[in-house]
Amino acid sequence: MSVISNLEVFAERRRRFMDAIGPGALAIMPSAPVAMRSGDVEFVYRQDNDFHYLTGFAEPEAVAILAPGEPHEFILMVRPRDRERETWTGRRAGLEGAVAGYGANQAFAIEELDAVLRRHLDKVDRVYYPLSVNERMNARVLELMRYAQSMRPRLGTGPHTLLDPRELIHEARLHKRPEELAAMRAAIAISAEAHRQAMARARGGMMEWEVEALVDYTFRSRGAAGPSYPSIIASGPNAATLHYINNDRRMQAGELLLIDAGCEYDFYASDVTRTFPVGAAFAPLQRDLYQIVLDAQLQAIESIRPGIKFDDPHETAVRILVEGMCRVGLLKVPAEDALKSGAWRRFYMHRTSHWLGMDVHDVGLYRVGGESRTLEPGMVLTVEPGLYIAPNDETAPEEFRGIGIRIEDDVLVTPAGCEVMTAAVPKTVAEIEALTTAAAA
Ligand code: GLY
Ligand code: MN
Ligand code: MN
């Protein structure tokens, strides 16, 4: 299902991009290559996000050519219709579909790419092409560039500059428009349901992969493409491993389960983490540590509004976490000293936020002019503080070892402040216990 089906949306994105690159420039945007999984089996195809952002076209072996000011500004190179091939791999839009369904002014078979590009390269002096998407396409485009450059002395025209189109597109992607927020809300609603299900149904004796299956079931049965990153289902000491994805341990009742799982809907990601006791209420120490992380998260979110720096919520979260670490005896120095020395990094080793959008770690600059970026309405960032005490950390009191807690929400910067887009996922101790203890009953 798609919430972004309106051709106008993509036309408007191309318009803005073409206005930015201006006449005399040509943008060549390749689709993502097909990736092999093993032997002759391919990974499920996933379009490149920048290509999709500008075209909405999800097929492989395609190239979009954008030529601002030309009679045909938007050309799509695609796989032609092919009855026999389509019997094996499914329907293609083909040339007609590229025009009728995607708004191309012209469409050609991808086999004609060299000829079509040659005609256009002669006429421009700047080429926008991303070198990081499709290796095989790089060789082809660079060879055509080289040839067109060699003709420049005779023709007086031809490309003298190769530019990266990504920063222009990424700045647009960083500022979410209404249709993008609608897709993100759809992804978030499904993830919220998955986390609630997991809280209500995880029990001692189950394998982590059973909870992963529950999460996947919710994602797919409600129309998401699947997880937007490998789901982390980390029980007990596994939660102290930040990117634990084996998900193959048997859980025990009462221990903490950290689930970092989000889905992709219509090319947009959600990214949500919750930590809860398996089929039980929080034990006192678990609750104390959980409350520290929650307080850090709530205060970091509270600080978010246009005009603050991207790094500000991180600094707020670190301060609250460090005060908590000192209070419970995880750090045995005054909070001010721990903040100065960085001793807290032993228990909180990642950043608090990243941009979120089509990519889970979304595009867009974090620093501008050497400084942390100022937040603006329409930006979406995660807020995800945590506390992680390795099972073998002998500097930590024994009862703290093997505990990992993270709480992650997706936050939209609004003109007046911010909106927690993931607010429907239970987060307070009482909300969580209402689900986890009902599961045990
Ligand atoms: N799930 C990846 C992250 O939280 O950044
Ligand atoms: Mn995240
Ligand atoms: Mn996450």
Side-chain angles (χ1 to χ4, degrees), residues 46 49 173-174 176 184-185 187-199 208 211-212 214-216 218-219 224-235 238-247 256-265 267-276 290 293-294 296-298 300-301 304 310-311 313-314 316-318 321 345 347-364 366 373 375 379-388 404-413 418-427 432:
R46 170 66 166 72
N49 279 332
R173 282 176 52 189
L174 176 58
K176 271 71 182 175
M184 295 183 78
R185 287 186 205 285
I188 283 166
I190 296 170
S191 303
E193 176 60 20
H195 279 267
R196 281 194 299 265
Q197 287 286 337
M199 285 178 195
E208 292 166 342
V211 178
E212 182 179 8
L214 272 175
V215 167
D216 286 345
T218 306
F219 288 172
S228 50
Y229 53 90
S231 299
I232 297 169
I233 314 287
S235 64
N238 289 338
T241 300
L242 297 179
H243 289 167
Y244 172 81
I245 54 171
N246 288 353
N247 304 348
L256 291 178
L257 178 61
L258 181 158
I259 299 183
D260 184 346
C263 64
E264 180 172 296
Y265 190 94
F267 283 84
Y268 285 80
S270 55
D271 183 9
V272 184
T273 308
R274 289 294 185 266
T275 309
F276 59 89
Y290 185 86
V293 178
L294 182 57
Q297 206 237 13
L298 291 172
I301 291 172
I304 295 176
F310 176 83
D311 283 345
H314 176 65
T316 301
V318 166
L321 287 172
R345 290 203 168 86
F347 307 114
Y348 182 45
M349 55 298 276
H350 60 78
R351 306 283 302 178
T352 301
S353 300
H354 55 78
W355 305 129
L356 180 70
M358 299 185 88
D359 280 293
V360 65
H361 296 159
D362 206 26
V363 296
Y366 288 101
R373 181 162 200 164
L375 296 187
M379 295 173 166
V380 178
L381 63 156
T382 65
V383 181
E384 49 178 309
L387 262 184
Y388 313 92
I405 297 167
R406 177 165 62 256
I407 307 172
E408 174 174 32
D409 280 312
D410 304 340
V411 177
L412 167 67
V413 183
C418 71
E419 175 196 329
V420 180
M421 299 176 80
T422 39
V425 193
K427 184 162 78 168
I432 288 174

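Residues take their numbers from the sequence shown, with the count starting at 1. Note that ligands are numbered from 1 as they come in the structure, with each ligand's atoms numbered from 1 the same way.
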Determine whether any heavy atom of V360 lies closer than 4.0 Å to an atom of ligand 1. no
Go through the steps for H354 and E384 under the test side chain to side chain donor-acceptor pair (under 3.5 Å), then give the verdict. CA-CA 9 Å; H354 55 78; E384 49 178 309; 2.9 Å; yes
Does Y265 form a side chain to side chain donor-acceptor pair (under 3.5 Å) with R185? I'd like the steps, not just the answer. CA-CA 9 Å; Y265 190 94; R185 287 186 205 285; over 6 Å; no
N/O of D260 under 3.5 Å from N/O of ligand 1, yes or no? yes
Test your reading of the model: is there a side-chain donor-acceptor pair from S228 to the backbone of S270, 3.5 Å cut-off? yes
Of all the N, O or S atoms in E384, which one sits nearest to the Mn ion (ligand 2)? OE2
Look only at interatomic distance and state if R406 has a nitrogen or oxygen under 3.5 Å from any nitrogen or oxygen of ligand 1. no
Does ligand 1 have any atom sitting under 4.0 Å from a heavy atom of H350? no
Look only at the side chain of R406 and the backbone of I259, and say whether a donor-acceptor pair between them is shorter than 3.5 Å. no
I'd like to check which ligand 1 atoms, numbered from 1 as shown, lie under 4.0 Å from a non-hydrogen atom of E408. 4 (O)
Answer yes or no as to whether an N/O/S atom of H361 is found below 2.8 Å from the Mn ion (ligand 2). no
Verify side chain to side chain contact (heavy atoms under 4.5 Å, CB included) between V383 and T352, making sure each step is shown before the conclusion. CA-CA 6 Å; V383 181; T352 301; 4.0 Å; yes
Nearest N/O/S atom of D271 with respect to the Mn ion (ligand 3), by atom name, please. OD1
Among all protein heavy atoms, pick out the one at the shortest distance from atom 2 (C) of ligand 1; state its residue, atom name and that distance to 0.1 Å. H361 NE2, 3.7 Å
How about E408 and T422: do any of their side-chain heavy atoms sit closer than 4.5 Å? no
Do H361 and Y229 have their ring centres less than 6.0 Å from each other? no
For the Mn ion (ligand 2): the N/O/S atom of E408 at shortest distance: OE2
Nearest to atom 4 (O) of ligand 1, what protein heavy atom do you find, and at what distance? E384 OE1, 3.0 Å
Are side-chain heavy atoms of H195 and P426 found at a separation under 4.5 Å? no
